[in-house]
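Below you'll find the structure, written out as structure tokens, and then a few comments.
The chain is numbered in sequence order, starting from 1. These numbers come from a predicted model, not from an experiment. Values reported hereafter were calculated over all heavy atoms of this structure, with side chains retained and with hydrogens, waters and symmetry mates removed.
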Amino acid sequence: MSHNLSDRTIALVKATVPALEAKGLEIVHEMYARMFQNPEIRDLFNQSHHGDAGSQPRALTGAILAYASNIDNLAALAPAVERITQKHVGLQIHPEHYPHVGEALLGAIAAVLGDAATEEILGAWGEAYWFLANILIAREERIYGIQRETVGGWNGWREFRVDAVIRESSVIKSFVLRPVDGAPVMAYKPGQYLTFWFEVPGHPPVKRNYSISAAPNGATYRISVKREPQGLASGWLHDQVFVGSVLKVAAPAGEFYLADNPARPVVLLSGGVGLTPMVAMLEALVETRSDVPVHYVHGTHDRETHAMRNQVRELAARGVAVRVTEFHQTPLADEVAGQDYDCAGLITEEWLIDNTPVGEADFYICGPRPFLRAAVSSLSLAGVPSDHIHYEFFGPADELLAA
């Protein structure tokens, strides 16, 4: 159990903020170099996000700085802590991994800051690290316990056989997964994801998170994956995984999900492959016969990249109060407005304000970072309360210890 940080520790950590602003990225690169000397720790991370040009070092640099800056107001970091714990559970991070990370962090601070990293400074950062680590460990253990005790749940990596492969668009395929052991699968909240351990020939183990793209049914899961340019995992899935292939899967996790029995109108807003959790949410709302108004708004490039359009339209036809609006950014020459898509161009702030119940709805948003940044900013400026805006984004989180 974590004890409170001392005033002296808080003051010392906050005093390192200028040094972190100047040399934080260098510290993080040194930290990763030290951690990755241990293959067990290296294999916990998504290697595509690391390296000199990787997004994860920049994200972790900002996160460490945020922790130092807010160490006297940790309540502000509560959402980030929950996101981290969910990701750690998906990656199967356990208490025995934390000493390696702490040792690498302190070693990196000492190596980069040199004489400025006094014994007192390192002691304060050691205390601050373990304060946060113990919070994460406790929360992660609770989640592991829920997974273990839930019908169909499990800890560790469970084998799933690919039951079906469906081409959804020119760039997206769906994979239906059924457990090899024939037992039920754990229920989940629509919007959550699965974490996979891929064994790609010629590479260390590859870990990836993919949103579940179907409502819970107790027997199977479905993921829908976009082939990314030069994407190691997505390319391997598209080219080398077929019906009958067996994949290692961790139990569902994630802090982005549809509220149980929503009372307010729901707007599902997505860009590109960000539609995957939205389809799961829409399917769940229709299957539970929810009578809250639902507006599904999706944007993609054109007809060729538009995944799951027929399924969404079929769900909308079955729903009590479901409205669908589809944007094609650059419609193909033979596309017909009102038939292949509803609106040409990008989803705009003005359109959202004029066509969705911004004053009362819960917005669930998923898509590439520029799309997400624009949508969240637009809705916030339009006066939508922050607790009505829920979002998931791709890539590493700008948070401490996000792997």
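- Between the Y129 side chain and the Y98 main chain, a donor and an acceptor come within less than 3.5 Å of each other.
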If you apply the rule side-chain hydrogen bond (donor to acceptor under 3.5 Å, both in side chains), what do you find for D342 with T325, and how did you get there?
CA-CA 6 Å; D342 298 301; T325 306; 5.1 Å; no
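- Taking both residues in full, the closest heavy atoms of A307 and L275 are given as O-CD2, 3.7 Å, listed atom of the first, atom of the second, then distance.
- Taking OG1 from T195 and NE2 from H88, the interatomic distance works out to 11.5 Å, rounded to the nearest 0.5 Å.
- Without hydrogens or angle criteria, Q192 side chain to G254 main chain gives a donor-acceptor distance under 3.5 Å.
- Shown here is Y257, whose OH atom has no more than 12 heavy atoms of other residues, nucleotides or ligands within 6.0 Å.
- Of all the heavy atoms in K173 and V165, the pair that sits closest is CD-CG1, 4.0 Å.
- Applying the side chain to side chain contact (heavy atoms under 4.5 Å, CB included) criterion to P184, with sequence neighbours excluded, gives no partner residue.
- There is no side-chain donor-acceptor pair under 3.5 Å between E326 and H298.
- Taken from CG in L268 to CZ in R323, the straight-line distance is 13.5 Å, to the nearest 0.5 Å.
- Taking OG1 of T118 as the reference point, atom CD of E120 lies at 5.5 Å (rounded to 0.5 Å).
- The backbone N or O of T220 sits less than 3.5 Å from a side-chain atom of N217, completing a donor-acceptor pair.
- The closest side-chain heavy-atom distance from P262 to D362 is not below 4.5 Å.
- For D354, the CG atom is densely surrounded, since the number of other residues' heavy atoms within 6.0 Å is greater than 12.
- Residue-environment remark: NE2 (H301) stays at or below the threshold of 12 foreign heavy atoms within 6.0 Å.
- Separating the CG atom in L132 from the CG atom in L74 is a distance of 8.0 Å, to the nearest 0.5 Å.
- Under a 3.5 Å cut-off, the side chain of E168 and the backbone N or O of S174 do not form any donor-acceptor pair.
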Donor-acceptor pairs under 3.5 angstrom involving side-chain atoms of residues 231-242: please list them, not counting sequence neighbours.
unit_1 : atom_1 : unit_2 : atom_2 : d
S234   : OG     : E228   : N      : 3.0
H238   : NE2    : V225   : O      : 2.8
H238   : NE2    : R227   : N      : 3.4
D239   : OD1    : R227   : NH2    : 2.5
D239   : OD2    : R227   : NH1    : 3.3

Evaluate side chain to side chain contact (heavy atoms under 4.5 Å, CB included) for S245 paired with R161, printing each intermediate quantity in order.
CA-CA 6 Å; S245 297; R161 183 170 286 110; over 6 Å; no
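- The backbone N or O of A374 sits less than 3.5 Å from a side-chain atom of S378, completing a donor-acceptor pair.
- The side chain to side chain contact (heavy atoms under 4.5 Å, CB included) check on E149 picks up nothing, with sequence neighbours excluded.
- Counted within 6.0 Å of CG on D181, heavy atoms from surrounding residues, nucleotides or ligands total more than 12; the atom is thus considered enclosed.
- Between T356 and F363 the shortest side-chain heavy-atom distance falls below 4.5 Å.
- Residues V17 and S69 approach most closely at CG2-OG, 3.9 Å, considering heavy atoms.
- Taking the centre of each ring, W154 and F160 come in below the 6.0 Å mark.
- Salt bridge annotation for R318-E283: absent, with no cationic side-chain nitrogen under 4.0 angstrom from a carboxylate oxygen.
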Candidate pair S377 and S380, rule side-chain hydrogen bond (donor to acceptor under 3.5 Å, both in side chains), full reasoning:
CA-CA 5 Å; S377 175; S380 297; over 6 Å; no
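- Side-chain contact between F196 and L177 is present, with heavy atoms from C-beta onward closer than 4.5 Å.
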Less than 3.5 Å apart, which donor and acceptor atoms pair up between the side chains of residues 327-336 and the rest of the protein, not counting sequence neighbours?
unit_1 : atom_1 : unit_2 : atom_2 : d
H328   : ND1    : E335   : OE1    : 2.6
H328   : NE2    : H306   : ND1    : 2.8
D334   : OD1    : R303   : NH2    : 3.0
D334   : OD2    : R303   : NH2    : 3.2
E335   : OE2    : R303   : N      : 2.9
E335   : OE2    : L332   : N      : 2.9

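- Here the side chains of P357 and V267 are in contact, with some heavy-atom distance below 4.5 Å.
- By the 4.5 Å heavy-atom criterion applied to side chains, M35 and R42 are not counted as neighbours.
- Residue pairs that meet the salt bridge (Lys or Arg N to Asp or Glu O under 4.0 Å) test with at least one member in residues 91-106, sequence neighbours left out, do not exist here.
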Test side chain to side chain contact (heavy atoms under 4.5 Å, CB included) on L247 and F198 and set out the steps.
CA-CA 7 Å; L247 304 174; F198 298 140; 4.2 Å; yes
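- Distance CZ/F131 to CG/L5: 4.5 Å, rounded to 0.5 Å.
- For Y144 and H94, the distance between ring centers is under 6.0 angstrom.
- No donor-acceptor pair under 3.5 Å is formed between the side chain of E140 and the backbone N or O of I84.
- Atoms CG and CG, from L25 and L20 in turn, are 11.5 Å apart once rounded to the nearest 0.5 Å.
- Formation of a donor-acceptor pair under 3.5 Å by the K207 side chain with backbone atoms of D43 is found in this model.
- Not a single donor-acceptor pair under 3.5 Å links the side chain of T16 to the backbone N or O of A19.
- Geometrically, K248 engages W197 in a cation-pi contact defined by less than 6.0 Å to the ring centre and at most 45° from the axis.
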Evaluate K87 against E255 for salt bridge (Lys or Arg N to Asp or Glu O under 4.0 Å), listing each step before the verdict.
CA-CA 9 Å; K87 292 188 77 174; E255 82 295 345; over 6 Å; no
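- Scanning all heavy atoms of the two residues, the minimum distance from T288 to L285 falls at OG1-O, 3.3 Å.
- At a cut-off of 3.5 Å, with distance as the only test, no side-chain donor of S213 or T276 sits close to an acceptor on the other residue.
- Taking the salt bridge (Lys or Arg N to Asp or Glu O under 4.0 Å) definition, one finds that K14 meets it with D72, sequence neighbours left out.
- Salt bridge D260/K189: present, at least one basic N to carboxylate O contact under 4.0 Å.
- Of the possible polar contacts, one joining the D302 side chain to the T305 backbone as a donor-acceptor pair under 3.5 Å is found.
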Please determine whether side chain to side chain contact (heavy atoms under 4.5 Å, CB included) holds for the pair E26 and M31, giving the CA-CA distance in whole Å, both sets of side-chain angles, and the decisive distance to 0.1 Å.
CA-CA 9 Å; E26 188 178 348; M31 173 185 168; over 6 Å; no
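- V286 and V322 make their closest contact through CG2-CG2, 4.4 Å (heavy atoms, listed as atom of the first residue, atom of the second, distance).
- Y221 has its ring centre less than 6.0 Å from the ring centre of Y188.
- The two atoms that bring L194 and A250 nearest to each other are CD2-O, 3.7 Å, heavy atoms only.
- Using a distance-only test at 3.5 Å, with no hydrogens or angles considered, a donor-acceptor pair links the side chain of R309 to the main chain of D340.
- Ring-plane geometry between H295 and W351 is classed as perpendicular, the angle between the planes exceeding 60 degrees on a 0 to 90 degree scale with a lower cut at 30.
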